[in-house]
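Values reported hereafter were calculated over all heavy atoms of this structure, with side chains retained and with hydrogens, waters and symmetry mates removed. A, B, ... follow the sequence lines: proteins, then strands. Residue 1 opens every chain.
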Number of protein chains: 2
Amino acid sequence: MARNVEFNEDQATQKAMEVFWEKGYNGASLRDLTEAMKINSSSLYNTIGDKQELFLRSVQRYADDRKKDIKRRLESGKSAFNILIDYINDAVDVITTKKNGCMAVKMAFEVGHTDKRVADVLKADSDFAFSFLRDLIKSAMEEGSIAADEEPELLADYFNSTWTGWYESYILHKDGEKIRRMAQFFIKQISK
Amino acid sequence: MARNVEFNEDQATQKAMEVFWEKGYNGASLRDLTEAMKINSSSLYNTIGDKQELFLRSVQRYADDRKKDIKRRLESGKSAFNILIDYINDAVDVITTKKNGCMAVKMAFEVGHTDKRVADVLKADSDFAFSFLRDLIKSAMEEGSIAADEEPELLADYFNSTWTGWYESYILHKDGEKIRRMAQFFIKQISK
DNA sequence: AGTTTTCTGAAACATTTGTTTCAGAAAATA
DNA sequence: TATTTTCTGAAACAAATGTTTCAGAAAACT
């Protein structure tokens with residue numbers, strides 16, 4: 001004896017994510033969001049909650065997508081070294097072709113200090129990427145394709161933080177060739 | 001036959017910079033700003049201009065401070081290699097001790113896509129640091145303290161973008177030891 | 001089909017936003 | 001000191017913000 005929610009919450013969150021991604025948390029207004037989501041604010045507040053909650057879910061969703069992407073890479077059957085190389089090259093590709101770069105990085109700088117719940121999601125996302133990289137690096141060392149004279153944990157942290165600077169560089173200089181050269185240098189350095 | 005501006009524009013801009021630095025452009029309200037600057041909004045609009053103009057000047061000021069800092073380093077009389085090492089270690093220090101990290105990085109991610117004038121200031125700031133690093137790297141190569149098998153330009157870009165990732169890492173993980181280890185690894189890699 | 005519960009749309013809400021107004025105080029010149 | 005110009009403080013402005021309200025439409029159940 002009741003009605004169901006009409007709109008697709010998943011599709012709506014996806015749209016909200018895109019708006020936050022482009023405008024940032026403070027730059028996105030409720031009207032920007034509900035317009036993109038194609039729902040009324042009453043529906044939003046009835047089902048999802050307020051702006052912060054919507055934002056949290058948007059970031060969560062972004063992290064979920066990345067997790068899936070990483071799992072797909074692990075199931076590709078390629079060698080550890082090649083998975084790493086692909087991961088780096090794909091990062092370069094995202095940086096130089098997608099309009100808004102990486103949402104996690106952008107949000108870390110905007111609300112990492114102020115929104116504890118979002119910061120926790122971003123930290124977990126970073127931790128997951130870290131484990132992914134550490135395990136691959138370990139395997140690549142055993143394969144003999146990466147020099148084994150450093151701890152995999154250190155290298156994983158180092159990798160993980162490297163792309164962030166490339167994002168910033170591309171925002172400022174819009175020079176894709178520059179990013180590709182840095183990536184090439186990076187790969188050369190770690191290859192045995 | 002006229003009155004002079006009462007408040008110190010330089011001190012006020014400094015205060016505005018601090019507010020923007022902490023809260024971001026969209027997160028800082030005019031009332032936040034004028035309260036910190038200890039001036040009335042009428043004075044602000046009479047002398048400096050609107051919020052965007054104040055923001056531009058704040059970022060400009062930040063860039064000026066960095067320029068001065070870099071010039072001071074060049075005049076220190078130390079070897080190119082040591083100036084580089086100090087620069088890296090000081091960056092680590094800023095990341096792990098100052099509450100709000102680097103303003104230029106934060107703003108690049110928040111408004112780099114939307115505010116052309118600010119983006120230009122940030123780009124010039126980045127270019128200046130680039131030249132500083134490139135020249136030092138060239139000198140260090142001539143000194144023989146850095147391996148000369150890469151182009152100084154590439155290494156300068158690579159350096160310049162490296163700290164950014166460390167900032168993000170510290171925001172998420174608040175692990176100073178992690179940053180110091182990455183910096184040590186970085187220094188070891190470039191040292192001959 | 002009737003009942004009941006829930007969702008939706010439009011409008012309204014109180015605050016906060018960036019900005020402007022203006023009367024009076026302040027000070028630099030003559 | 002008188003004059004004139006300009007700055008300052010407080011208040012007001014319209015527009016935008018995040019959020020709530022509520023009447024009616026919609027649909028799941030009996």
What nucleotide among [options] has an atom nearest to a side-chain atom of [X]?
X     : options                : value
B:L30 : D:dT8, C:dG18, C:dA10  : C:dG18
B:D50 : C:dT19, D:dA10, D:dT17 : C:dT19
A:R31 : C:dA10, C:dA12, D:dT8  : C:dA12
B:S43 : D:dT8, C:dT8, D:dT19   : D:dT8

Q: Could you say whether B:N26 or A:K38 is positioned toward the 5' end of DNA chain C, judged by the nucleotide with the nearest heavy atom to each?
A: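 The 5'-side residue here is A:K38.
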Rounded to the nearest Å, what distance is computed from the [atom1] atom of residue [X] to the [atom2] atom of nucleotide [N]?
X     : N      : atom1 : atom2 : answer
B:N46 : C:dT19 : CG    : P     : 14 Å
A:N40 : C:dA11 : CG    : C1'   : 10 Å
B:M37 : D:dT8  : CE    : P     : 11 Å
A:F7  : C:dG9  : CZ    : P     : 10 Å

Q) Looking at B:F132 versus B:Y87, is the centre-to-centre ring distance below 6.0 Å? A)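 Yes - the distance between ring centres of B:F132 and B:Y87 falls below the 6.0 Å cut-off.
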Q) Ion pair present between A:E110 and B:K23, side-chain N to carboxylate O less than 4.0 angstrom? A)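 Not counted as a salt bridge, because no side-chain N and carboxylate O are separated by less than 4.0 Å.
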(Q) Strictly below 4.0 Å: does A:S29 bring a side-chain N or O up to OP1 or OP2 of D:dA16? (A)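 Result: no.
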(Q) Side-chain N or O of A:Y45 versus OP1/OP2 of D:dT20: is the shortest distance under 4.0 Å? (A)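 Looking at the OP1 and OP2 atoms of D:dT20, neither is under 4.0 Å from any side-chain N or O of A:Y45.
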(Q) Under the ring-ring contact (aromatic ring centres under 6.0 Å, His included) test against B:F109, which residue among A:Y167, A:W21, A:F109 passes? (A)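 Only one option passes, and that is A:F109.
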Q | Any N/O donor-acceptor pair, B:S41 side-chain to C:dT20 base, under 3.5 Å | A |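 Result: at least one qualifying N/O pair found.
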Q | Quiz item: cation-pi between A:K178 and B:F130, 6.0 Å / 45° | A |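 Verdict for B:F130: a cation-pi partner in A:K178.
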